[in-house]
Number of protein chains: 2
Amino acid sequence: MVFCKREQRRDDACPIRRFKKNGRVNVAEREAHLLDIAEQVVEQYGFAGLTMDKIVNRCAYSKGTVYNHFSSKEDLITALCIRAMRTEMGYLNRALAFEGSSRERALAGHFAYQLYARLHPTLFMCVLSAKTPAVVEKTSPARMVQMQQLEQDILSLSTSLMQAAIAAGDLTVPAGVSPQQLMFAHWATAFGTSALLSAEASSNLKELDREQASLFNINLLLDGMGWRPLSGEHDYREVWHRIGQTLFKQELERLNSPQHAQENAR
Amino acid sequence: MVFCKREQRRDDACPIRRFKKNGRVNVAEREAHLLDIAEQVVEQYGFAGLTMDKIVNRCAYSKGTVYNHFSSKEDLITALCIRAMRTEMGYLNRALAFEGSSRERALAGHFAYQLYARLHPTLFMCVLSAKTPAVVEKTSPARMVQMQQLEQDILSLSTSLMQAAIAAGDLTVPAGVSPQQLMFAHWATAFGTSALLSAEASSNLKELDREQASLFNINLLLDGMGWRPLSGEHDYREVWHRIGQTLFKQELERLNSPQHAQENAR
DNA sequence: GAGTATGATTGACGATTCGTCAACTTGACG
DNA sequence: CGTCAAGTTGACGAATCGTCAATCATACTC
């Protein structure tokens, strides 16, 4: 209420207009800008304080134009979720570059996922929110399929890691088990772990070593699959650490900097 | 829109009044009744269609009284989440009665969780929603601690299962690993699996054997922990089936009856 | 049994927020 | 310059939220 005077204007409403230049305005670019603003608003006011009016007042466009991009507030949240998943996929792609055994590379994938969840807590919360019925019910069908497509892409990307492991003989799929089944186990573990770590930021996880929880859970899963070398035969904590240092040094520094802690406080 | 005419009244507002009888009205009972109504409304209109006015119109109390119970719509959703967790705990308690090895009993616990998620999809969605920031932010502090307390209770209950396994020598906790860490792995796996199975009802899980997915994921986890007897040494599909037949026969029948399918359609 | 204090209950109401749409603006084209 | 399609606008109606001054039921006092 104290900050951001721009909220108050009502009569001095902004006369700036951005009509199509060079024959056509870049729709995707504008949508990205609107999502930037949405993120800022959430950052500042929380999800409960996210309103379309706040977004309209902060951008150079009118309500009608904003609604031209997003059919409803929930549609916008799903759009944020899609942005989150794109970000996630970016990290995931970088993880693929890690050199090592198949299991180490899988670990790199999970490292990427977990890092993204910690680095962009707001975006990750969008993914959680977008799985909520209240949001799903009001999301436009078009965006819904877009999200499912992207999810599918991420799953394929991860599946390729697993296929490589099978080909290399590090992982054996038991008879009667589909690769989908294995993939789903990965997904469920990664999602469950990150979701709970984010959502239960306070409360019931006080005595948990959050830093290691992801690695621990993933290792249990991979051991359960018999993905060699097993965690008893190899020091995966060292690998986990090395993944961070090799692929995500900058991001980890940002995560540990006091500045980032400040950004995410309150 | 066609159903439930009671929605429309406005002038003929209900004059029924339920003042305290015998000196004191039963607050808890009334709250339960309001939650019943809330569930019905969600069932009928979806989460997006849940409004306080609909609830007020369906009960014998005024808006003010309803708001005396729930400080906001989100507070009510969290209350539904608490109800969901109570239900869950009920199933869990029944699961404890299963006779068998420690791992079989743990499996019974997971069976209970998974069954509850499938049997009460709406309630389970409340749990998902209640982890969402938009809801958390508007939930009353009192109810928040109530939920955390209940969550804690459920965790303790589950931990007792694990402790028994350790005592029996079926499960060995590696050096440097806390029981909390193991418990969290259970929680994350169970939550992740059920949440994705519920939320991705359509879309990206088409080719998955949903029936067996829970058991499969849990078995991977338990094998990873080295919880004996391992799944290679024992037919846990049979056990899974037996758990259902022994402890939850009625519920399973209800789940498979065409009537239930109808209830949950559209 | 009349009077009164207490606390629960009520529903009309102000405030927000959502999403729409008729009117308007712009640039392209003939 | 007139016209047209496409894009933009913001005032507005509708829906919903949450509040609160007035009202009512009960218990208690005298």
Side-chain angles (χ1 to χ4, degrees), chain A residues 1 7-31 33-34 38 41-42 45-77 134-135 137-140, chain B residues 1 7-31 33-34 38 41-42 45-77 134-135 137-140:
Chain A
M1 249 164 216
E7 231 61 53
Q8 265 69 32
R9 68 210 175 65
R10 187 153 276 261
D11 304 302
D12 58 324
C14 129
I16 305 164
R17 286 168 195 155
R18 299 279 162 71
F19 272 66
K20 49 190 170 181
K21 36 191 174 184
N22 289 348
R24 198 144 292 273
V25 87
N26 189 338
V27 175
E29 203 172 280
R30 195 167 62 184
E31 185 154 320
H33 180 224
L34 289 175
V41 171
V42 172
Y45 297 94
F47 274 89
L50 174 66
T51 69
M52 292 309 244
D53 285 332
K54 286 209 188 87
I55 292 173
V56 169
N57 282 337
R58 284 189 181 200
C59 74
Y61 313 102
S62 71
K63 187 171 266 205
T65 299
V66 172
Y67 271 93
N68 245 21
H69 284 274
F70 312 107
S71 69
S72 67
K73 190 172 112 168
E74 287 74 15
D75 197 47
L76 179 142
I77 291 179
V135 173
E137 287 162 14
K138 301 197 72 181
T139 296
S140 68
Chain B
M1 246 163 219
E7 232 61 54
Q8 266 69 31
R9 67 210 174 64
R10 188 152 276 258
D11 305 304
D12 58 323
C14 131
I16 304 165
R17 284 167 195 157
R18 299 280 162 72
F19 273 65
K20 48 191 169 181
K21 36 190 174 184
N22 290 350
R24 199 142 294 274
V25 86
N26 189 338
V27 176
E29 204 172 278
R30 194 166 64 185
E31 185 153 321
H33 180 224
L34 289 175
V41 171
V42 172
Y45 297 93
F47 275 88
L50 174 67
T51 69
M52 292 309 243
D53 285 332
K54 286 208 189 85
I55 292 173
V56 169
N57 281 339
R58 284 189 180 200
C59 74
Y61 312 103
S62 72
K63 186 171 266 206
T65 299
V66 172
Y67 270 94
N68 245 24
H69 284 274
F70 311 106
S71 69
S72 66
K73 190 171 111 169
E74 286 75 15
D75 197 45
L76 180 143
I77 291 179
V135 172
E137 287 162 14
K138 301 198 74 183
T139 296
S140 67

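What you see is a predicted model; the values in this text were computed from it and never measured. Letters A, B, ... are given to chains in the order of the sequence lines, protein chains preceding strands, and every chain is numbered from 1.
- B/Tyr61 has its OH atom 21 Å from the C1' atom of D/dG18, to the nearest Å.
- Of the candidate nucleotides C/dT9, D/dC17, C/dT20, C/dT20 has the atom nearest to the side chain of A/Lys63.
- Annotation: salt bridge (charged side-chain N to carboxylate O under 4.0 Å, His left out) contacts of B/Glu31 (sequence neighbours excluded): B/Arg143.
- Using a 4.0 Å cut-off, no side-chain N or O of B/Arg30 falls inside it from OP1 or OP2 of C/dA8.
- Within the 4.0 angstrom heavy-atom criterion, no nucleotide atom of any strand lies near A/Ser71.
- The side chain of B/Met52 has D/dC17 as its nearest neighbour among C/dT9, D/dT8, D/dC17.
- Heavy atoms of A/Thr65 sit under 4.0 angstrom from at least one base atom.
- Computed from coordinates, the B/Asp53 CG to D/dT19 P distance equals 14 Å when rounded to whole Å.
- Remark: C1' of C/dC18 and CG of A/Leu50 are 12 Å apart, rounded to the nearest angstrom.
- The NZ atom of B/Lys138 sits 11 Å away from the C1' atom of C/dT17 (whole-angstrom rounding).
- Side chain of A/Lys73 to main chain of A/Leu50: a donor-acceptor pair is present (N/O by atom type, distance under 3.5 Å, no hydrogens or angles).
- With rounding to whole Å, A/Glu74 atom CD is found 12 Å from D/dT16 atom P.
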Item to complete: Begin with the C-alpha distance, continue with both residues' side-chain angles, and end with the deciding distance and a verdict on side chain to side chain contact (heavy atoms under 4.5 Å, CB included) for B/Val56 and B/Thr65.
Response: CA-CA 9 Å; B/Val56 169; B/Thr65 299; over 6 Å; no
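- Here the P atom of nucleotide D/dT9 and the NE2 atom of A/His69 are 10 Å apart, to the nearest Å.
- Closest to the side chain of B/Asn68, from the set D/dC17, C/dT9, C/dT20, is C/dT9.
- At whole-Å resolution of the value, CG in A/Asn57 and C1' in D/dT9 are 14 Å apart.
- Two residues are said to be in side-chain contact when any heavy atoms from C-beta on lie closer than 4.5 Å; B/Val27 and B/His69 meet this criterion.
- Remark: P of D/dA15 and NZ of A/Lys73 are 18 Å apart, rounded to the nearest angstrom.
- Side-chain contact check for B/Arg30 versus B/Tyr61: some heavy-atom pair is nearer than 4.5 Å.
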